[in-house]
Amino acid sequence: MNRDLEKWVEECAAQARPDRVVWIDGSEAEQSALIEEAVAEGVFARMNEQTHPNCFYHRSNPTDVARTEHLTFICAPTKDDTGPTNNWMSPEDAKAKIWPLYKDAMRGRNMYVIPYVMGPLGSPISKVGVEITDSRYVVANMRIMTRIGTAALEQLGESTDYCKGFHSLGDLSPDRRFIAHFPETRTIWSIGSGYGGNALLGKKCYALRIASVMARDQGWLAEHMLIVGIENPKGEVTYIAAAFPSACGKTNLAMLIPPDSMPGYKVWTVGDDIAWMKFGPDGRLYAINPENGFFGVAPGTSMKTNRNALLSTQKNSIFTNVALTDDGQPWWEGIGYDAPGPLTDWKGNRWESGSAEKAAHPNSRFTAPARQCPSISKEWETPNGVPISAIFFGGRRARTAPLIYESFDWKHGVFVGASMASETTAAATGAVGVVRRDPMAMLPFCGYNMGDYWAHWLRMGEKSDKVPKIFHVNWFRTGADGKFLWPGFGENLRPIVWALERTQGKGAAVETPIGFVPTPEALHTESLDVSPAALEELLSVDPEDWQAELAGQAEFFATFGDRLPPEIQRQHDNLKKRFAH
Ligand code: GTP
Ligand code: SPV
Ligand code: MN
């Protein structure tokens, strides 16, 4: 037994006073019993055994269906350590304000202790965490999303090198909800929410917010990125990583199915949300997926847009806040077929086709084991990770950002990531569709001062002469009619292949002030259903739009004061100059 862990569990139990403390071993028997209890308490409903064997349905409290960024805190010693983009609370204030909320919070409930590993078991890059929770929904999700139980305890041994996550549903009131991170002690306190990113503490809280601080200190990267292998017709596989903000297309790109006009191409999924990346002895950047499953956005997922995701969810999966047919099947907007009859919507109300309300919450999600994905890479659990040849940043921009462009070099690429912006989505509470700066898609997930984070990215580029090339993409540009100009999904392989050609010194491009943009012909447009005019608009760099963009960047960068790396300022100034010429 690990004495440090035992002591911490005792301390939490003394505060929260659960009826029982249950150590999760990860066994099938334990899982079945837990599911039975969850069904009995109404947390889960069984789904259709024929179409969705061993799948469970969960409906959240309607006030608890997305990440709550305004209630998420970094509790570092000083405000400056967390920077202008994070909410800060001093560790002392957190102890005074949040710890008391755990008092007796688990009376009448079980306290589950979940040891888990982020990353392949035994990998030199993987890391142990322990989550304490009073939610059976959390246990069932953690079992899919991470490697839990005895294997994790064995990997930990007597070490004190693990992340402590203390989660309680509390009373689910947003007024008493906090997601607090203590990077110095690798501790997370989360209370008052049962929602994914707030409650599955291995994911955003550990693998990004805490891990980003560890990565800064230890010289690696913890990023909000998918990892995918692109196999060309010769059978060569090239790996890429891509950072898009929440609900901006990572899962979809990770599981892409090539268009018919690109025969011989195959896409192999390694990860869909988080990448931990380290330089290998050969100077290349290697990435692992610390997760074991997908917590994916349901709406918009259909056999046409993302067949691999749908097929991943047909057994052993959890569906949260989607709508349910009367025979226990999931349904959501954009699933690809009309509702087969009246449904029960995500709030538990009867719902009929044509209703003004959405049947599924826009941030409804599926939780599915990664190994069930038809496109899962045979390298997805390789202990040292896969070598990354190109990094993509991207966002949801109705205007301004072209379909794809290539940065001039690593430093410029870091600037492209640092200055990126995207329209907000339903993945977090608050307004949807508002453009905001979301550097490297890490705005809600960087556990320290974002200025220092950019400096860390710049330093990483000095460690090797084999750094990946950096690109920026935008699948979401719209035309005058407000419709997407680009068909997206499988068609996204066309610009990606252009990018891979660029890493080999091929692929035609024109130089613009923002970087290299492909010529339309270079985009593998065979059988592409996009008009030449639309393609031209997709690839255009409008100087007026970019003046507004420059102003937005300047305003944002100014909030960092002297923590803004001079190189980022220099890149911004150079961009401005290039537009002035
Ligand atoms: P998180 O799990 O929140 O981090 O999101 P994600 O980046 O994995 O986003 P995901 O792939 O789940 O996509 C979110 C939404 O965008 C879904 O509704 C998709 O159908 C839609 N989407 C993804 N790719 C495209 C695309 O190329 N074009 C368009 N128009 N929509 C897309
Ligand atoms: C995101 O919001 O980026 C997600 C879902 O991937 S959550 O786990 O809730 O953060
Ligand atoms: Mn995400």
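Both counts, for ligands and for their atoms, begin at 1 and track the order of listing. Please read all numbers here as calculations on a predicted model, not as lab measurements.
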- request: List every atom of ligand 1 that sits less than 4.0 Å from any heavy atom of P245, numbering the atoms from 1 in the order shown and giving each element.
  value: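 Matching atoms, with element in brackets: 7 (O).
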message: Within ligand 1, which atoms have a heavy atom of K250 less than 4.0 Å away?
response: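 Heavy-atom distances to K250 below 4.0 Å select 1 (P), 4 (O), 5 (O), 6 (P), 7 (O), 8 (O), 9 (O), 11 (O).
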Please list, in number order, the atoms of ligand 2 under 4.0 Å from a heavy atom of [X].
X    : answer
D273 : 6 (O)
H224 : 3 (O)
S246 : 1 (C), 2 (O), 3 (O)
F295 : 5 (C), 8 (O), 9 (O)
A427 : 2 (O)
G197 : 7 (S), 8 (O), 9 (O), 10 (O)

Is [X] in polar range of ligand 1, meaning some N or O pair under 3.5 Å apart?
X    : value
F244 : no
F489 : yes
N252 : yes

query: Quick check: are there more than 12 heavy atoms from other residues, nucleotides or ligands sitting under 6.0 Å from CD of E536?
result: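 No.
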Minimum-distance protein heavy atom relative to atom 2 (O) of ligand 2: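 Atom 2 (O) of ligand 2 sits closest to the protein heavy atom R67 NE, 2.9 Å.
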Taking atom 1 (C) of ligand 2 as the reference point, the nearest protein heavy atom with its distance: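 Checking every protein heavy atom, the shortest distance to atom 1 (C) of ligand 2 gives K204 NZ, 2.9 Å.
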message: Strictly under 2.8 Å, is the Mn ion (ligand 3) approached by any N, O or S atom of A247?
response: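 No, outside the cut-off.
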query: Can K250 be said to touch ligand 2, with heavy atoms closer than 4.0 Å?
result: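 The answer is no, since K250 has no heavy atom less than 4.0 Å from ligand 2.
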Identity of the N, O or S atom of D273 lying closest to the Mn ion (ligand 3):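 This turns out to be OD1.
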message: Tell me whether K203 has any N or O atom under 3.5 angstrom from an N or O of ligand 2.
response: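 Such a contact does not occur with ligand 2.
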